[in-house]
Every structure is written in C-alpha cells, then in structure tokens.
Amino acid sequence: MPDLNLTIEPVMATLFGGVFALLLVASSIGFVLSKRVTSEGGIATVANLNQRIKAWWLMIAIFAVAFVFGKGVTVVLFALTSFFVLREFLSITPTRAEDHTATIAAFYLFIPLQYWLIYSDWQSLFSILIPVWAFLLLPLLAVLKGETTDFLARSAKIQWGMMLGVYCISHAPALLLLDIPGYSDNFLLLFFLITVVQLSDVLQYVFGKLFGKHKVAPRVSPAKTWEGLIGGGFSAAAIGAALFWITPFAPWEAALLALTIVLAGFAGGLVLSAVKRSLGAKDWGTMIEGHGGALDRMDSVSFSAPVFFHLVNYFFVL
C-alpha cells in the first residue's frame, strides 16, 4: 500500500503509551474489585465494568494496527465495521425476500464504494453517495419486484441501516480527507474523536453507577442518568480540552468540540436504544462479550462522527 507506515511517530507513541498505561491501571482496579466485591449487584457492576475494559483493549489494539499500517487499513477496518453494523441492523429489522436485491446492493455496492471514495479523497461524491444515490436507488430495486406490502416500512429500514451503519460511521475515517491549513496529521483527529467518544461512554457509566439517581429516559434506557451524563460528559470534555495539542484547535475549541461529541454520542445511544426497545431486542448482536454487537459499540460514533466532521470542515477548512 502506498501509505504503509511501519513506524510510530513520537506523538502517537506517547498517546498510545498513555492509553495503554490507563488501561493497565483500569484492568488492575477491575481485577481487585472482582476479588473483593461480594454483593450480587456489586458483582454484576464490576463484571460489566471489566467487560468494558476488555472491549477497550480490543478497540485500542485495532486502532494501533490501523495507524501503523496507514490510511488503507484504517479505511478497510471501518468498512468491515459498517458491514457488521448493517448486518446486525437488518438482522433484527427483518426484510422480505423481495428486498434482497436492494440489500445486496447495500452490502456489496454502496459499502465498498463509500469507503473507496474516502480512500480516493473524493469528498464531494462521498458526501452525497448514500443520502442521494442510495436513498433513490435502493427502494427502486425493491419496488421492481412488485411487492407493495409494507413497502414504506421495508424501504425505511434499509435506508436507516445505510445512514446509521455506513454513511454516518464513514465520517470517522473521512476525517483523513480534511485539508486543514497548517495541520497535516489528520489521524490524530480520528484519535481525538474515538477517544472522547469511548471515554465519555465509560465515564458516564462510572458516574451513573456512583451518583446516578435521576434517569434521563427510563422507558428507553434505564441505565442512563442525568448525573452520569453531566459528570461523565464534562469529564470527557475536560480530557478533550487537555488533548488540544494533538489537534488544530485552541483549548477552548477542543473543549467545545469534545462536549459536542459527548452530546451527539449520547443522543446516538438514546435513539438506538429506542429502536431496540421498539423491536423487543436487548442488544444488536453478540459480537463483543458483555456489549452485544458492533452497533452497540458504534451507536455513539454513528451520531458523533458526522457532527464532528462537519463542524471541523466548516470552521477549520478554508
């Protein structure tokens, strides 16, 4: 690959070293708690926390591999993520046999094409491929089969899956496309986004368990509390502000963008929880131990990635 990079720059070495050290500390704390906590509720909470830490190890390892091997591998990894997310979404929002042509086009035409456009730096077509061309073509492929029963609902399921699982998530690696004056290491923007999203998730969980009393939407997601959102959200925003030095942002800009990522990610988790509830499902899948499927881990990214991308594109790209 032309962008193969088997060396790690000092900045990235420092960042990954810090994350690995943090995960080692978290894993040690989780191990100690698992041996000391004896109450039923406490055991369940510690088990969930340890599962989140394990998922973090996996994600950071994948992220490190993506950085070492460059843009091509990063794009492929996100394309595979979109494939699994779309598969999970359509598996619990079942379609009819008459929709198979549209679903095949979604998986084997639009996913590869969307990510090829990112790899090829074709930003203008990347921005409209799915919301315009896929939006129009997929229901056309379905209607040619002649089945009109629940046609609107069936088409909407595929279109929702494409928007959430492919279009929105693809904005994360699309950060590599942005031409920001005086700034060249766009991979650090991707690191900033994913770090804030994932730390926000963990910190909201911790603050919610420690202080949570007032639920945000009890019928949609009983585990989400205002205390968790405020405490975890502002903590993640503070960490984002502290990471300003790896971005083209001033500290206050990094803080505001991190807070926006937190709020968008929270909204994504809440909306996708509502979709799951409406379908009678607890998780989107079983790919990640203790966390369900890929979409259970990417629901925050699906909302925060496009918001972050377009804010940076609007305010920092000339």
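In what follows, every heavy atom counts, from backbone to side chain, and hydrogens, waters and symmetry copies are set aside.
Between F316 and F249, a ring centre-to-centre spacing shorter than 6.0 Å is recorded. Taking the six-membered ring for Trp, F126 and H171 have ring centres closer than 6.0 Å.
With a 4.5 Å cut-off on side-chain heavy atoms, K213 and T225 do not count as touching. Using a 4.5 Å heavy-atom cutoff, the side chains of S304 and L193 are in contact. Using a 4.5 Å cut-off on side-chain heavy atoms (C-beta onward), W226 and K215 make no contact. Looking at heavy atoms from C-beta onward, F244 lies out of side-chain contact with E253 at the 4.5 angstrom threshold. Taking 4.5 Å as the limit, some side-chain heavy atom of L164 sits within range of a side-chain heavy atom of L272. For the pair F308 and V196, the minimum side-chain heavy-atom distance is 4.5 Å or more. For the pair T74 and L190, the minimum side-chain heavy-atom distance is below 4.5 Å. Looking only at side-chain heavy atoms (C-beta outward), H100 and K145 stay at 4.5 Å or farther from each other.
A side-chain donor from one of S82 and Y115 sits under 3.5 Å from a side-chain acceptor of the other.
Within the cation-pi definition used here (under 6.0 Å to the ring centroid, within 45° of the axis), K71 qualifies as a partner of Y119.
Checked by atom type and distance alone, the side chain of D99 never pairs as donor or acceptor with a backbone atom of A142 at under 3.5 Å. The backbone N or O of E88 sits less than 3.5 Å from a side-chain atom of S91, completing a donor-acceptor pair. Checking side-chain atoms of R87 against main-chain N and O of F107 turns up no donor-acceptor pair under 3.5 Å. Counting only distance, with no hydrogens or angles, the side chain of Y167 and the backbone of S127 share a donor-acceptor pair below 3.5 Å.
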message = For V32 and R36: C-alpha separation, side-chain torsions, deciding distance, then whether side chain to side chain contact (heavy atoms under 4.5 Å, CB included) applies.
response = CA-CA 6 Å; V32 172; R36 293 187 176 182; 3.7 Å; yes

request  = Decide yes or no on side chain to side chain contact (heavy atoms under 4.5 Å, CB included) for L203 and I239, but give the supporting numbers first.
outcome  = CA-CA 11 Å; L203 290 169; I239 294 172; 4.0 Å; yes

task = Evaluate the criterion side chain to side chain contact (heavy atoms under 4.5 Å, CB included) for residue pair V202 and Y205; output intermediate values, then yes/no.
result = CA-CA 5 Å; V202 173; Y205 177 81; 5.6 Å; no

request  = Test side chain to side chain contact (heavy atoms under 4.5 Å, CB included) on F110 and L138 and set out the steps.
outcome  = CA-CA 10 Å; F110 284 107; L138 293 178; 4.0 Å; yes

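Closest approach of A305 and A172 over heavy atoms only: CB-N, 3.8 Å. Summarising the geometry of S221 relative to L270, their closest heavy-atom pair is CB-CD1, 4.2 Å, with the distance given to 0.1 Å. The two residues P222 and P218 make their nearest non-hydrogen contact at CG-O, 3.3 Å. The two residues G165 and I169 come nearest to each other via the heavy atoms O-CD1, 3.5 Å. The minimum heavy-atom distance linking P139 with A134 is given by the pair CD-O, 4.0 Å. When all heavy atoms of A258 and A236 are compared, the closest pair comes out as CB-O, 4.3 Å.
In the hydrophobic clustering of ILVMFWY residues, with side-chain heavy atoms under 4.5 Å counting as a link, V307 and I194 come out together. Both M298 and F84 belong to a common hydrophobic cluster when Ile, Leu, Val, Met, Phe, Trp and Tyr are linked at side-chain heavy-atom distances under 4.5 angstrom. Follow the hydrophobic side-chain contacts under 4.5 Å out from F31 and you never reach V206; the two are in separate clusters. In the hydrophobic clustering of this structure, V301 groups with V275; members are Ile, Leu, Val, Met, Phe, Trp, Tyr whose side-chain heavy atoms approach within less than 4.5 Å, directly or through other members. In the hydrophobic clustering of ILVMFWY residues, with side-chain heavy atoms under 4.5 Å counting as a link, L15 and L257 come out together.
Note that OG of S170 and CG of L117 are 9.5 Å apart. Values are rounded to the nearest 0.5 Å. Here the straight-line distance linking atom CG of N313 with atom CD1 of I180 works out to 8.5 Å at 0.5 Å rounding. Residue M162 holds its CE atom at 6.0 Å from CD1 of I111, rounded to the nearest 0.5 Å. For the atom pair K157 NZ and I92 CD1, the distance stands at 10.5 Å (nearest 0.5 Å). Going from atom OG1 of T195 over to atom CG of L188 covers 10.0 Å, rounded to the nearest 0.5 Å. For the atom pair CG of L189 and OH of Y183, the computed distance is 4.0 Å after rounding to the nearest 0.5 Å.
Sparse packing is recorded around OH of Y108, with 12 or fewer heavy atoms of other residues, nucleotides or ligands lying under 6.0 Å away. The neighbour count for F135 CZ, taken as heavy atoms of other residues, nucleotides or ligands under 6.0 Å away, does not exceed 12. Within a 6.0 Å radius of NE2 in H214, other residues, nucleotides and ligands contribute 12 heavy atoms or fewer. The number of heavy-atom neighbours closer than 6.0 Å to CG of L152, taken from other residues, nucleotides and ligands shown, is 12 or below.
Listed by chain and number, the hydrophobic cluster partners of W252 are L256, where partners are ILVMFWY side chains within reach of under 4.5 Å, directly or through others.
Ring geometry for F207 versus F211: interplanar angle of 30 to 60°, hence tilted.
In this structure, R96 pairs ionically with E147, as a charged nitrogen and a carboxylate oxygen lie closer than 4.0 Å.
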